[in-house]
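First the structure, in the form of structure tokens, and then the observations on it.
Just so we're on the same page: letters track the sequence lines, and every chain starts at 1. The structure displayed is predicted, hence computed values, not measured ones.
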Amino acid sequence: MRDGLSGLTFFGQRSMVHSLIQQLVSTALQQLQQQGLFAEEQIFSFQVERPRDKNHGDFATNAALVLAKTARLPPRQLAERILAALPAGQTAVERCEVAGPGFINFFLTPHTLQSLILTIAEQGTQYGRSQVGAGRRLQVEFVSANPTGPMHLGHGRGAVNGDVIVRLLQAIGCQVEREYYINDAGAQTLVLGRSVLIRYHALFGQEWPMPEGCYPGDYVRDIAIALRDAQGDRWLTPTLPDHPPGEVVDFAIARCLEWIREDLERLNIPFDTWFSERSLHTQGMIAHAIVQLEAKDLIYEGILEPPKGKQPEDWEARPQRLFRSSQFGDEVDRALQKSDGTYTYFAADIAYHLNKAERGFDTLINIWGADHGGYIKRVQSALAALTGRHTLLEVRLVQMVNLFRAGQPVRMSKRAGTFVTLREVVEETGADAVRFWFLLRSSGASLDFDLELAMAKTNENPVFYVQYAHARVHSLRRRLQERGGWVEVADARQLQRLSEEAELELLRLLSRYPEVVEQAALEKEPQKIPHYLLELAAAFHTYYNGHKILDEDTDLRAARLALANATGQVIANGLTLLGVHAPEQM
RNA sequence: GCGCUCGUAGCUCAAUUGGAUAGAGCAACGGCCUUCUAAGCCGUAGGUUACAGGUUCGACCCCUGUCGGGCGCACCA
């Protein structure tokens with residue numbers, strides 16, 4: 001597996017109850033082993049998991065199914081034997097039974113579920129956090145949008161996804177750093193500089209046509225105005241120079257970066273490190289990487305085959321300096337230098353990732369736009385060649401965002417100037433809505449973002465739906481304070497009043513939260529949190545609708561309010577993890 | 001042509017990474033406000049998981065092939 005953390009699940013902290021059941025089954029199997037049902041050297045690998053269907057209990061094990069063959073018994077018979085051998089005397093499990101093809105289902109006592117409320121109250125904002133990933137040092141590189149224009153929605157989605165992956169990993173105890181790679185060295189920066197220079201001259205009455213490939217957006221004019229305001233007419237020339245002055249390029253890049261920082265700030269996304277591509281060139285890091293590859297005899301002068309099937313028209317065979325990436329899983333070898341002798345983007349990327357590796361991270365995670373998918377293998381190849389580790393770099397691809405308004409697609413065109421920027425969308429709908437929606441779908445699938453739906457105050461809007469559930473909890477607290485002046489705290493005796501199925505169901509959901517966080521973190525799949533929160537909010541809305549929480553009965557009232565508070569706490573924890581506010585009032 | 005990726009209810013998406021009878025929301029239809037926020041809830045209907053094989057106790061998930069959508073495919077980034 002490429003997941004650098006996958007090993008942790010095995011040793012991962014599970015809930016007390018979960019490990020208790022694991023222990024029960026183990027003990028039973030050992031007893032059967034002593035009875036001669038299994039060979040002495042038999043190693044038991046089975047799973048204790050959460051059944052999908054609540055009728056199948058709180059936990060289930062597949063032990064009998066997995067071990068049926070070696071025990072030479074039909075699964076259900078083996079399950080019966082295991083059941084009979086389970087140690088007695090514990091109080092957490094109310095009953096267990098054999099079901100289906102041979103599962104053993106465990107049903108917890110209400111008391112065990114009820115006591116969860118005390119745990120949540122005690123742990124508060126810490127409930128759901130763990131130390132499963134303690135000792136791991138990771139880096140997540142994300143956004144890394146070119147500083148040549150405003151951020152679009154796809155950038156925003158990558159930004160939010162990366163941000164929450166970091167938060168998730170931190171929630172399980174990992175040490176994580178956020179990094180932004182600034183592409184400030186390539187040809188596109190010169191294009192930006194030239195575009196600005198043309199707009200700049202236009203401000204002084206010198207109109208030149210925009211050459212093919214230059215950036216037409218209004219923001220280029222804004223940069224030109226800023227340049228004029230800051231530095232006057234010092235860059236005026238009678239004719240358009242072949243290369244824009246370095247200072248103009250730098251000015252433009254700095255300006256774009258400033259916008260990007262502002263956009264990220266509005267989404268509440270901080271970075272630890274801003275890494276300049278240019279510094280790789282100026283500080284000899286590319287040469288450093290190439291020396292290492294040469295020492296391993298992985299560089300040669302050669303001519304690449306033209307790509308099969310689809311041939312570029314201007315194809316010409318030419319000798320290039322190539323890296324033997326095909327030895328490390330890439331399809332073909334890749335060029336390190338262009339015809340003019342300068343390094344390719346790939347060469348810089350090798351140096352960059354070598355630099356990351358040298359900084360001693362256990363795992364590198366990159367969040368890239370889906371259009372860079374074809375680039376993964378070559379970077380992984382380079383890292384494997386230089387470090388010997390194929391698993392060091394994990395890349396998550398983020399698919400595009402389609403913008404809608406009231407169900408109708410918003411047509412966008414860069415040329416026509418109808419391009420909708422990330423900033424405009426955040427300003428219209430707010431950071432909470434943008435963040436939650438961008439997290440709702442798995443990043444591998446394209447996402448539809450509807451401007452009106454994102455702001456709707458109905459249950460069609462998942463952001464609202466979850467926040468409203470949280471607000472309802474606080475509404476109850478306010479109402480109680482209005483009446484009695486303080487919020488009651490339930491004790492174990494009162495919590496016994498939580499015996500209805502809807503209440504136990506809510507408790508089961510709450511007990512799953514730490515597992516959801518852990519799984520979302522280990523798999524780097526943030527969308528699991530919004531989906532869980534939607535489920536929890538739905539369960540709470542249902543409960544709220546069918547039960548009077550501020551009941552006349554003091555004990556019942558205390559118990560139900562404690563349950564509501566626990567739910568509110570978990571929703572707040574989940575939303576905080578997503579960087580979304582949990583309002584107390586709506 | 002090759003590589004990556006996706007294909008699940010009419011629409012938008014889930015499914016504990018191989019578990020039991022595949023679940024939600026929207027749209028459709030029918031209900032619930034003199035009671036803590038109806039900004040909400042309940043019910044009905046909706047499926048050969050694109051298709052065909054294979055692996056095994058068990059497959060939406062893994063393997064092979066086919067069809068269809070997206071992305072990429074010398075020196076750009």
Side-chain angles (χ1 to χ4, degrees), chain A residues 47 49-53 55-56 60 62 64-66 68-69 74-75 99-103 105 146 148 183 185-189 191 213 277 303-312 314-318 320 322 330-332 334-340 342 344-346 348-349 369-377 397 399-400 407 440-442 444-448 450 453 456-462 464-465 467-469 471-472 475-476 478-480 483 512 515-516 519 523 525 527-528 531-532 534-535 538 541-551 557 560-561 564 585-586:
Chain A
Q47 290 169 356
E49 55 193 16
R50 296 277 192 171
R52 245 189 266 274
D53 188 335
N55 294 320
H56 298 146
N62 62 355
L65 292 161
V66 181
K69 196 170 270 180
F103 289 100
N105 295 336
N146 285 348
T148 55
N183 296 119
Q188 84 286 346
T189 62
V191 174
E277 177 189 359
I303 300 173
L304 287 176
E305 299 278 315
K308 287 173 182 166
K310 204 175 184 178
Q311 286 218 9
D314 58 341
W315 166 265
E316 58 177 80
R318 62 174 157 253
Q320 285 174 310
L322 303 171
D330 202 1
E331 284 93 45
V332 294
R334 304 290 179 179
L336 297 173
Q337 278 176 328
K338 306 180 212 168
S339 346
D340 63 3
T342 59
T344 60
Y345 182 78
F346 178 47
D349 234 0
D371 54 341
H372 289 65
Y375 205 75
I376 298 174
K377 278 185 187 170
L397 295 179
Q399 287 283 350
M400 62 185 300
L440 202 50
R441 307 285 176 235
S442 82
S446 63
L447 176 146
D448 295 341
D450 193 301
L453 201 49
K457 295 187 188 314
T458 69
N459 58 2
E460 293 173 59
N461 180 359
F464 170 80
Y465 188 78
Q467 289 182 325
Y468 180 43
R472 272 187 152 171
S475 169
L476 289 169
R478 277 193 301 276
R479 190 52 53 101
L480 188 64
R483 288 185 197 168
R512 270 182 40 210
E515 296 166 29
V516 173
Q519 204 182 4
E523 287 160 18
E525 291 188 345
Q527 81 279 3
K528 291 186 185 301
H531 282 290
Y532 168 82
L534 283 165
E535 205 181 337
H541 284 310
T542 297
Y543 179 60
Y544 179 94
N545 235 270
H547 298 79
K548 177 102 175 159
I549 291 169
L550 300 183
D551 197 88
R557 180 170 70 235
R560 286 182 169 175
L561 190 69
Q585 209 165 341
M586 303 203 66

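Nearest to the side-chain atoms of A:H372 among the listed nucleotides B:C36, B:A77, B:C26 stands B:A77. Comparing atom distances between the A:P101 side chain and each of B:A27, B:G19, B:A77 picks out B:G19 as nearest. For A:R50, taking side-chain heavy atoms from C-beta onward, the closest of the listed nucleotides B:U37, B:C36, B:U16 is B:U16. Considering only the side chain of A:Y468, B:G40 comes nearest among B:C13, B:A77, B:G40. Which of B:C36, B:A74, B:A77 sits closest to the side chain of A:Q320 comes down to B:A74. Checking B:G72, B:A14, B:A74 against the side-chain heavy atoms of A:L304 singles out B:A74 as nearest. Closest to the A:R479 side chain, of the nucleotides B:G70, B:C75, B:C36, is B:C36. Across B:C76, B:G72, B:C75, the shortest atom-to-atom separation from the side chain of A:D371 is found for B:G72. Of the candidate nucleotides B:A77, B:U37, B:C36, B:U37 has the atom nearest to the side chain of A:Q585.
Counting any heavy atom pair closer than 4.0 Å across all strands shown, A:Y465 reaches sugar-phosphate atoms only and no base atom. No engagement by A:Q467 is indicated, since no non-hydrogen atom pair under 4.0 Å with the nucleic acid exists. Within 4.0 Å (heavy atoms only), A:N62 reaches at least one base atom of the nucleic acid. Using a 4.0 Å heavy-atom criterion, one finds that A:A68 contacts no nucleic acid atom at all. Residue A:T344 is in sugar-phosphate contact alone, with no base atom involved, counting any heavy-atom pair closer than 4.0 Å across all strands shown. Within the nucleic acid shown, A:A60 comes within 4.0 Å of at least one base atom, counting heavy atoms only. At a threshold of 4.0 angstrom between heavy atoms, the contacts of A:R472 are confined to the sugar-phosphate backbone, with no base atom among them. Residue A:A445 is out of contact with every strand shown, counting any heavy-atom pair closer than 4.0 Å. Across all strands shown, A:A469 has no heavy atoms under 4.0 Å from either base or sugar-phosphate atoms. Counting any heavy atom pair closer than 4.0 Å across all strands shown, A:P74 reaches no nucleic acid atom. Residue A:G186 is in sugar-phosphate contact alone, with no base atom involved, counting any heavy-atom pair closer than 4.0 Å across all strands shown. Across all strands, A:E316 comes closer than 4.0 Å to base atoms (heavy-atom distances).
Between the NE2 atom of A:H56 and the P atom of B:U16 there is a distance of 16 Å, given to the nearest Å. Rounded to a whole Å, the CD atom of A:E277 is 11 Å from the P atom of B:C76. Here B:C6 presents its P atom at 16 Å from CZ of A:R441, a figure rounded to the nearest Å. Separating the CG atom of A:L397 from the P atom of B:G72 is a distance of 12 Å, rounded to the nearest angstrom. To the nearest angstrom, P of B:C57 lies 11 Å from CG of A:L65. One atom, CD of A:E515, and another, C1' of B:U16, lie 8 Å apart when rounded to the nearest Å. Between the CG atom of A:L447 and the C1' atom of B:C13 there is a distance of 10 Å, given to the nearest Å. Atom CZ of A:F346 and atom C1' of B:C75 are 14 Å apart (whole Å).
More than 90° away from 0 lies the glycosidic angle of B:C62, which makes this nucleotide anti. Base orientation at B:U64 is anti, since its O4'-C1' glycosidic dihedral falls outside 90° of 0.
Remark: B:G1 base-pairs with B:C73. Criterion, Watson-Crick or G-U wobble with two distances under 3.5 Å. Summarising the base pairing, B:G19 is matched to B:C57 through a Watson-Crick or G-U wobble pair whose two defining distances lie under 3.5 Å. Pair check for B:C26 finds B:G10; Watson-Crick or G-U wobble, both atom distances under 3.5 Å. Here B:U48 sits opposite no nucleotide as a Watson-Crick or G-U wobble pair (both hydrogen-bonding atom distances under 3.5 Å).
Remark: the A:R318 side chain and the B:C75 base include a donor-acceptor N/O pair separated by less than 3.5 Å. The base of B:A20 sits within donor-acceptor range of the side chain of A:N105, with an N or O pair under 3.5 Å. Counting distance only, with no hydrogens placed and no angle test, the side-chain atoms of A:Q519 and the base atoms of B:U16 include no donor-acceptor pair under 3.5 Å. Checked by distance alone, A:R334 brings no side-chain donor or acceptor within 3.5 Å of a matching partner on the base of B:A74. With hydrogens and angles left out, the side chain of A:N545 and the base of B:G40 share a donor-acceptor pair within 3.5 Å.
Put simply, A:T148 has no side-chain N or O that comes within less than 4.0 Å of OP1 or OP2 on B:A77. Distances shorter than 4.0 Å separate some side-chain N or O of A:S475 from OP1 or OP2 on B:U37. In this structure, A:K69 reaches the B:C57 phosphate: one of its side-chain N or O atoms is under 4.0 Å from OP1 or OP2. In this model, the phosphate group of B:A77 is approached by a side-chain N or O of A:K338 to a distance below 4.0 Å at OP1 or OP2. Between A:S446 and B:C6 there is no side-chain N or O to OP1 or OP2 distance below 4.0 Å. For B:A24, neither phosphate oxygen OP1 nor OP2 lies less than 4.0 angstrom from any side-chain nitrogen or oxygen of A:Y532.
Between the CG atom of A:L476 and the CZ atom of A:R560 there is a distance of 11.5 Å, given to the nearest 0.5 Å. For the atom pair A:D349 CG and A:E277 CD, the distance stands at 8.0 Å (nearest 0.5 Å).
Residue whose closest nucleotide on RNA chain B sits further toward the 5' end, between A:K457 and A:A99: A:A99. For the pair A:F464 and A:Y345, nearest-nucleotide mapping onto RNA chain B gives the more 5' position to A:F464.
One C1' atom belongs to B:A14, the other to B:U49, and the distance between them is 13 Å to the nearest Å. Taking the C1' atoms as reference points, B:C32 lies 25 Å from B:G23, given to the whole Å. Comparing the same atom, P, in B:C73 and in B:G54 gives a spacing of 39 Å after rounding to whole Å.
Classified by interplanar angle (parallel below 30°, tilted 30° to 60°, perpendicular above 60°), the ring pair A:Y375/A:H372 is perpendicular.
The backbone N or O of A:A538 lies less than 3.5 Å from a partner atom in the side chain of A:T542, making a donor-acceptor pair. Remark: the backbone N or O of A:Q47 is paired with a side-chain donor or acceptor of A:N62 at under 3.5 angstrom.
Nearest heavy-atom pair, A:A60 versus A:N105, reported as atom, atom and distance to 0.1 Å: CB-OD1, 3.3 Å.
Under the 3.5 Å distance criterion, with hydrogens and angles disregarded, no donor-acceptor pair is assigned to the side chains of A:T148 and A:N146. For the residue pair A:Y345 and A:N183, a side-chain donor N or O sits within less than 3.5 Å of a side-chain acceptor on the partner.
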Chi angles and distances behind the side-chain contact (heavy atoms from CB on, under 4.5 Å) call for A:D448, A:R441: CA-CA 9 Å; A:D448 295 341; A:R441 307 285 176 235; over 6 Å; no
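In this structure, A:F103 packs face-to-face on the six-membered ring of B:A20, meeting both the 5.5 Å centre cutoff and the 30° plane limit. Under the stacking criterion of a centre-to-centre distance below 5.5 angstrom and an interplanar angle below 30°, A:H541 is not stacked against the six-membered ring of B:G40.
Looking at heavy atoms from C-beta onward, A:I549 lies out of side-chain contact with A:R557 at the 4.5 angstrom threshold.
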